[in-house]
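The next block holds one structure in the form of structure tokens; read it before the comments.
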2 protein chains.
Amino acid sequence: MIHMATIYEVSKLAGVSLATVSRVMNNNTPVRESTRKKVLAAMEQLGYRPNSIAQSLASNCSNSVGILVSELHGPFYGAMLTGIEAEFRAAGKHVIIAAGHSELATEQEGIEFLQSRSCDALILHVEAVSDDYLIKLAQTDTPFVLLNRQIPALADRCISLNNELGGYLATQHLLAQGHRDIAYIAGPMWKTDAKERYQGHQRALADYQLVANPALFFEGDFRETGGSKGLSAILATGLPFTALVCGNDEMASGALTAARELGLSVPDSFSVVGFDNVNFAYYTYPKLSTIDYPISAMGQMAARWVLREVYRSATVEVQQLFEPHFIPRDSVKACSPT
Amino acid sequence: MIHMATIYEVSKLAGVSLATVSRVMNNNTPVRESTRKKVLAAMEQLGYRPNSIAQSLASNCSNSVGILVSELHGPFYGAMLTGIEAEFRAAGKHVIIAAGHSELATEQEGIEFLQSRSCDALILHVEAVSDDYLIKLAQTDTPFVLLNRQIPALADRCISLNNELGGYLATQHLLAQGHRDIAYIAGPMWKTDAKERYQGHQRALADYQLVANPALFFEGDFRETGGSKGLSAILATGLPFTALVCGNDEMASGALTAARELGLSVPDSFSVVGFDNVNFAYYTYPKLSTIDYPISAMGQMAARWVLREVYRSATVEVQQLFEPHFIPRDSVKACSPT
DNA sequence: AGTATAAATGTAAGCGCTTTCATTTATAGC
DNA sequence: GCTATAAATGAAAGCGCTTACATTTATACT
């Protein structure tokens with residue numbers, strides 16, 4: 001065990017008080033230049049490294065932020081963590097992670113676990129805990145910001161995607177390519193995401209004086225099986241359609257596989273658009289046209305919220321609603337409007 | 001700011017000393033049952049939550065572990081983090097993350113950043129820093145374990161995959177399916193991974209008294225482009241082959257795309273095997289047969305190493321070399337040996 | 001009851017740093 | 001040179017907890 005120099009040793013070597021060493025280190029009070037140089041030289045000679053735990057205790061600021069996400073794997077969460085970590089790293093704050101697995105008990109426990117570390121703030125991507133729980137949490141002494149969760153009572157601390165616009169863009173692209181009979185496989189309609197994406201789909205149709213045909217609608221589960229079942233159900237109606245919008249990429253992938261198994265060729269038989277631009281969307285055959293979701297930027301913005309609200313360091317405006325954009329790939333082909 | 005009760009307030013309410021409250025809290029010294037009950041009741045009444053920063057300073061143990069990975073996104077790192085976080089969460093240790101981006105300066109800075117947090121240990125997945133740097137780091141007071149890095153001088157703290165066996169399994173599967181002319185697209189041969197995987201390939205061939213044909217070998221870059229260029233180069237030789245092994249899934253994906261663009265059908269024209277089982281491998285067309293890499297279990301094992309070596313808490317044997325296994329999907333088809 | 005020993009508890013110092021208030025030093029103006 | 005003021009620095013207390021050693025209490029044995 002190599003001995004770590006303390007602030008006391010630096011002060012003795014530099015011939016100044018502890019307080020002056022602290023002032024030099026934190027650069028928060030004027031120090032005469034000649035004194036500063038003596039202190040810095042002593043620090044360098046001793047290889048001094050401040051004990052951040054002692055700093056945290058004395059200053060009542062841990063310089064760390066807890067992040068609770070549903071999972072640590074998957075393109076969504078990877079991008080989120082990347083955005084968050086990079087922003088905090090640049091600001092010298094440490095990021096502590098925990099996974100909530102979208103389970104009520106695990107999420108709550110995870111929040112408490114992070115609180116127990118005296119994190120200065122939390123960034124939460126949680127699904128299972130109730131709005132009430134979060135409203136109560138907002139009354140405790142732990143500041144937090146929510147990612148991809150909308151709670152009106154906590155509006156100033158919610159950062160999310162404009163799902164309605166994403167649904168609109170997905171369908172609008174098909175309409176602009178001449179498609180008029182557009183089938184839709186939705187996520188679970190109790191989920192706000194799924195509902196808003198479908199609303200955007202409806203709005204795009206309305207722009208063309210069209211109405212969604214309920215027979216060309218299937219409520220899926222946001223999983224691959226929802227996509228394959230949805231496509232089978234829609235095909236079973238015997239109704240014509242030239243394009244399919246899926247509420248997320250995983251269901252789109254399921255639909256692609258099902259189509260292939262039924263001897264249907266995408267986009268020749270019908271075009272497909274997904275949502276999320278998860279990384280596998282690029283590897284499907286055909287490569288999937290989809291809606292991109294700037295999750296890394298959203299994570300970054302959550303970090304900025306914390307830097308602004310808790311650390312008072314950011315001066316930049318925090319954007320709370322993010323806009324998706326359309327990623328054209330190979331799964332859409334134009335057709336003549338009927 | 002809601003007032004947090006301190007250990008002093010608990011001791012007063014319970015009518016015992018600070019030390020006794022600490023003993024009850026840490027359960028590390030016998031305390032009479034009646035005293036314990038008084039203390040626990042006082043804690044509950046006051047909603048007492050220990051200040052972990054103060055605990056860390058007083059005990060010289062931060063109960064946190066730093067993780068430096070190359071990236072925070074991607075299936076590889078997501079699985080690793082998941083394995084690590086779950087193990088530490090169960091043990092009550094906090095996980096602090098940082099990304100090194102495989103850049104020398106960023107990796108070193110990341111290590112120092114984590115050290116500056118007084119982490120009790122580090123788990124490092126680093127590529128750019130030299131063996132010498134890590135050997136010197138091992139002489140400092142920060143214990144660390146390496147994931148997917150082999151340094152003989154630090155053998156007891158390296159956890160990695162048996163790449164040679166993975167390469168063997170990939171090729172052995174094809175040989176067992178009757179393939180004899182097997183092309184190989186390798187990763188960069190200065191990388192240990194790439195070299196060992198190719199060695200496994202050679203060993204599998206040797207089992208069948210075969211020798212790898214250098215004309216059916218291409219050194220790629222572990223990226224998609226390496227796969228497509230590799231296939232083109234191999235096809236350009238005009239030599240017959242019935243199967244292709246790629247050193248990783250991304251190159252395999254590139255080869256699949258290139259084959260399709262050349263009007264070649266996999267596995268009808270030739271079979272393909274990848275390596276890594278990244279999540280997109282399931283979404284290619286055809287679904288890719290590949291070598292699975294138990295990265296989550298490896299992360300978990302790294303965590304166990306830390307728990308055993310630093311916290312003295314794990315009694316389980318730590319496994320350092322992990323074995324891959326073969327994942328059969330749709331990209332391989334049997335053929336008659338020539 | 002007395003003695004020896006074990007168990008339980010208390011006292012005090014300290015972990016390494018921050019920050020408030022007191023003191024000293026430097027500077028400007030007359 | 002003297003005075004007033006600003007700048008710089010030091011002394012001391014404290015952040016909330018741990019733990020070693022001292023002291024007290026309880027238990028077992030005679």
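Please read all numbers here as calculations on a predicted model, not as lab measurements.
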Counting any heavy atom closer than 4.0 Å, what does B:T20 reach on the DNA or RNA strands: base, sugar-phosphate only, or nothing?
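B:T20: backbone/sugar contact only, no base atoms under 4.0 Å.
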Remember a base hit wins even if backbone is also touched, and classify B:V21 as base, sugar-phosphate or nothing at under 4.0 Å, heavy atoms.
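Here B:V21 touches no strand at all.
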Rounding to a whole Å, what distance do you find between [X]:[atom1] and [N]:[atom2]?
X	N	atom1	atom2	value
A:E9	C:dG16	CD	P	9 Å
B:N27	D:dT18	CG	P	13 Å
A:R23	D:dA8	CZ	P	11 Å
B:R36	C:dA8	CZ	P	10 Å
A:N26	C:dT18	CG	C1'	8 Å
A:R117	D:dC17	CZ	C1'	13 Å
B:E33	C:dA8	CD	P	10 Å
B:N60	D:dT19	CG	C1'	13 Å

Reference residue A:D120; test side-chain hydrogen bond (donor to acceptor under 3.5 Å, both in side chains); the match among A:S64, A:S56, A:S62
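Output: one option passes, namely A:S62.
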Looking only at side-chain N and O atoms, does [X] come under 4.0 Å of OP1 or OP2 in [N]?
X	N	value
B:S17	C:dT11	no
B:R32	C:dT9	yes
A:Q55	C:dG16	no
B:T29	C:dT9	no
B:N28	D:dT19	yes
A:Y8	C:dT18	no

Hey, does the side chain of [X] reach the backbone of [Y] with a donor-acceptor pair shorter than 3.5 angstrom?
X	Y	result
B:E71	A:G78	no
A:Q150	A:S160	no
B:R157	B:P143	no
B:R49	B:M4	no

Given C:dC17, D:dC17, D:dA8, which nucleotide is nearest the side-chain atoms of B:I7?
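Side chain of B:I7 sits closest to D:dC17.
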Measure from the side-chain heavy atoms of A:V31 and tell me the nearest of C:dT19, D:dT9, C:dA8.
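Closest of the options to the side chain of A:V31: D:dT9.
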I need the single residue from A:E87, A:E317, A:E309 that forms a salt bridge (Lys or Arg N to Asp or Glu O under 4.0 Å) with A:R304. Which is it?
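In the set A:E87, A:E317, A:E309, the residue that makes a salt bridge (Lys or Arg N to Asp or Glu O under 4.0 Å) with A:R304 is A:E87.
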Under 4.0 Å, heavy atom to any atom of DNA chain D: which of residues 37-45 of chain B qualify?
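Within residues 37-45 of chain B, no residue comes under 4.0 Å of DNA chain D.
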Any chance the side chains of A:T6 and A:E9 put a donor and an acceptor closer than 3.5 Å?
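A:E9 and A:T6 do have a side-chain donor-acceptor pair below 3.5 Å.
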Can a side-chain donor-acceptor contact be found between A:S52 and A:Q55 if the only test is distance below 3.5 angstrom?
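Distance-only check fails for A:Q55 and A:S52.
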So which protein N/O to nucleotides 12-15 of chain D N/O distances come out below 3.5 Å?
none

How would you list, by chain and number, every residue that makes a side-chain hydrogen bond (donor to acceptor under 3.5 Å, both in side chains) with A:S118, sequence neighbours excluded?
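Expected list: none.
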Any idea how B:H125 and B:Y77 line up, ring-wise: parallel (<30°), tilted (30 to 60°), or perpendicular (>60°)?
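B:H125 and B:Y77: perpendicular rings.
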